[in-house]
Amino acid sequence: MHVGRKTQKREKSAMSVSLYGNLLFVVIELVMAILTGSQAVLLDAVYDGIEFVMLLPSLFLIPFLYRPSSEQHPFGYTQIETLFIVIKGITMTAVTFGLIFNNINLMIHGGHIISFNTVAYFELFACVLGIIVTVYLYIKNKSMHSPLINMEMQGWRMDSVVSLGMACAFLLPICIPFAWFRNLVPYLDQIITVVLSLIMIPTPIHTVITGIRDLMLIPPEEETIEDIKSTVEPIIGIYGHKNLYYDIVRTGRKLWISVYITFDKDIVSLSKFKLLQDECILALTKKYPDFYFELLPDIEFTGLEENLNSF
């Protein structure tokens, strides 16, 4: 499957919006973190800062992802994208663990009180802005199915939910004006930061695990393999076969699917074989935006070959 230059431009345009949005967030959040001393706001600032730094090279990476495969690069350049995503996931995981330990240390030393109202209103603003960018990326990615944009969209969606949760949490000192709660107020910012970190950390860890699988050319998750099989086998089954063997790998956004088939009959019509492959490609196109598919006859060794070679 090949994608056009227009798709490449649309993807770059969508990534640029995410880039400028991240830059705006980083600047505002750093200012707010300094003014309020909030560790939770600092967590957001660090995350968005990493997003911004890692997003810059991704804009230059996009043209490589659309280059076709060749003898020198049989899988194209899509593994560059996977490597890029793995590095990003590792960085975010390490930073998150660092913030968790830092906030635990602050709680051990008595915590600190911040301007909860200011942080709450800021987080409401961040939530609204995050929703706007998420909707924009969702609309743009409907026709492209870009892993890079999808990852950015997930990041913005998570930021929106986190900001809303933080706004509600920082309004608790106003909503709960009881004496027993005042003892928890100095630790509220650190507790929120640690809880948010624990909620957010599975996402980059999962990204790293999936990316490493792809870099090592390990077959994708079982759900993807079963979906491909359920799509291909009803089509091939009409023509009759004894055995099917699948060779499926994923590099970045692209799936490489090879199906080896052993037919019931000795003679295979090339025209029917090509028709069978075209039908499989058409069915897979409805589910996967970028893939390579080949249907190959599996030639079994029967022992007759040695007899023929002896003549």
Side-chain angles (χ1 to χ4, degrees), residues 21-54 88-134 151-209:
N22 268 297
L23 178 60
L24 176 63
F25 258 57
V26 170
V27 173
I28 297 176
E29 286 169 343
L30 281 176
V31 172
M32 289 298 298
I34 294 171
L35 293 177
T36 62
S38 171
Q39 289 292 304
V41 176
L42 180 61
L43 172 67
D44 267 353
V46 171
Y47 254 76
D48 290 332
I50 295 173
E51 289 279 350
F52 176 74
V53 172
M54 301 299 286
K88 181 177 180 179
I90 291 174
T91 305
M92 296 182 77
T93 301
V95 168
T96 305
F97 275 119
L99 285 170
I100 289 174
F101 295 139
N102 181 59
N103 278 273
I104 291 175
N105 183 60
L106 283 174
M107 284 190 285
I108 293 173
H109 291 84
H112 68 283
I113 298 176
I114 63 172
S115 177
F116 294 108
N117 288 351
T118 304
V119 175
Y121 294 136
F122 166 73
E123 292 300 336
L124 285 175
F125 161 76
C127 176
V128 173
L129 186 58
I131 291 173
I132 293 172
V133 178
T134 302
M151 190 171 183
E152 289 304 310
M153 186 171 61
Q154 289 178 0
W156 282 103
R157 186 189 299 123
M158 182 182 294
D159 281 345
S160 301
V161 174
V162 168
S163 295
L164 180 60
M166 288 171 64
C168 295
F170 283 119
L171 289 173
L172 288 178
I174 300 175
C175 301
I176 310 177
F178 301 112
W180 62 266
F181 187 75
R182 291 175 187 172
N183 296 327
L184 296 176
V185 170
Y187 305 98
L188 184 60
D189 182 48
Q190 294 89 63
I191 292 172
I192 293 172
T193 306
V194 172
V195 171
L196 288 177
S197 298
L198 293 174
I199 293 173
M200 296 165 70
I201 198 131
T203 299
I205 291 176
H206 179 265
T207 298
V208 172
I209 294 173

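Just so you know, these numbers come straight off a predicted model, no measurement behind them.
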List the atom of [X], the atom of [Y], and the distance in Å for their closest heavy-atom pair.
{"X": "L164", "Y": "C127", "value": "CB-SG, 3.8 Å"}
{"X": "S163", "Y": "A126", "value": "OG-CB, 3.6 Å"}
{"X": "T134", "Y": "R157", "value": "OG1-N, 3.4 Å"}
{"X": "G130", "Y": "S160", "value": "C-OG, 3.0 Å"}
{"X": "T193", "Y": "L43", "value": "O-CD2, 4.0 Å"}
{"X": "V41", "Y": "A33", "value": "CG1-N, 3.8 Å"}

I need the [X] [atom1] to [Y] [atom2] distance, nearest 0.5 Å.
{"X": "M32", "Y": "S115", "atom1": "CE", "atom2": "OG", "answer": "7.5 Å"}
{"X": "S197", "Y": "L99", "atom1": "OG", "atom2": "CG", "answer": "5.5 Å"}
{"X": "F25", "Y": "D159", "atom1": "CZ", "atom2": "CG", "answer": "6.5 Å"}
{"X": "I201", "Y": "I100", "atom1": "CD1", "atom2": "CD1", "answer": "5.0 Å"}
{"X": "I28", "Y": "L23", "atom1": "CD1", "atom2": "CG", "answer": "9.5 Å"}

Does T36 form a side chain to side chain contact (heavy atoms under 4.5 Å, CB included) with D189? I'd like the steps, not just the answer. CA-CA 11 Å; T36 62; D189 182 48; over 6 Å; no
Heavy-atom check, side chain of [X] versus side chain of [Y], under 4.5 Å:
{"X": "V26", "Y": "L30", "value": "yes"}
{"X": "I34", "Y": "V31", "value": "no"}
{"X": "V194", "Y": "M107", "value": "yes"}
{"X": "K88", "Y": "T207", "value": "no"}
{"X": "N22", "Y": "W156", "value": "yes"}

Is the ring pair F122/F125 parallel, tilted or perpendicular, if the boundaries are 30 and 60 degrees? tilted
Check against side chain to side chain contact (heavy atoms under 4.5 Å, CB included), L106 and N103: CA-CA 5 Å; L106 283 174; N103 278 273; 4.3 Å; yes
Might you work through the side chain to side chain contact (heavy atoms under 4.5 Å, CB included) test for L172 and F116, ending with a clear yes or no? CA-CA 9 Å; L172 288 178; F116 294 108; over 6 Å; no
Is there a donor-acceptor contact under 3.5 Å from the side chain of N105 to the main chain of F101? no
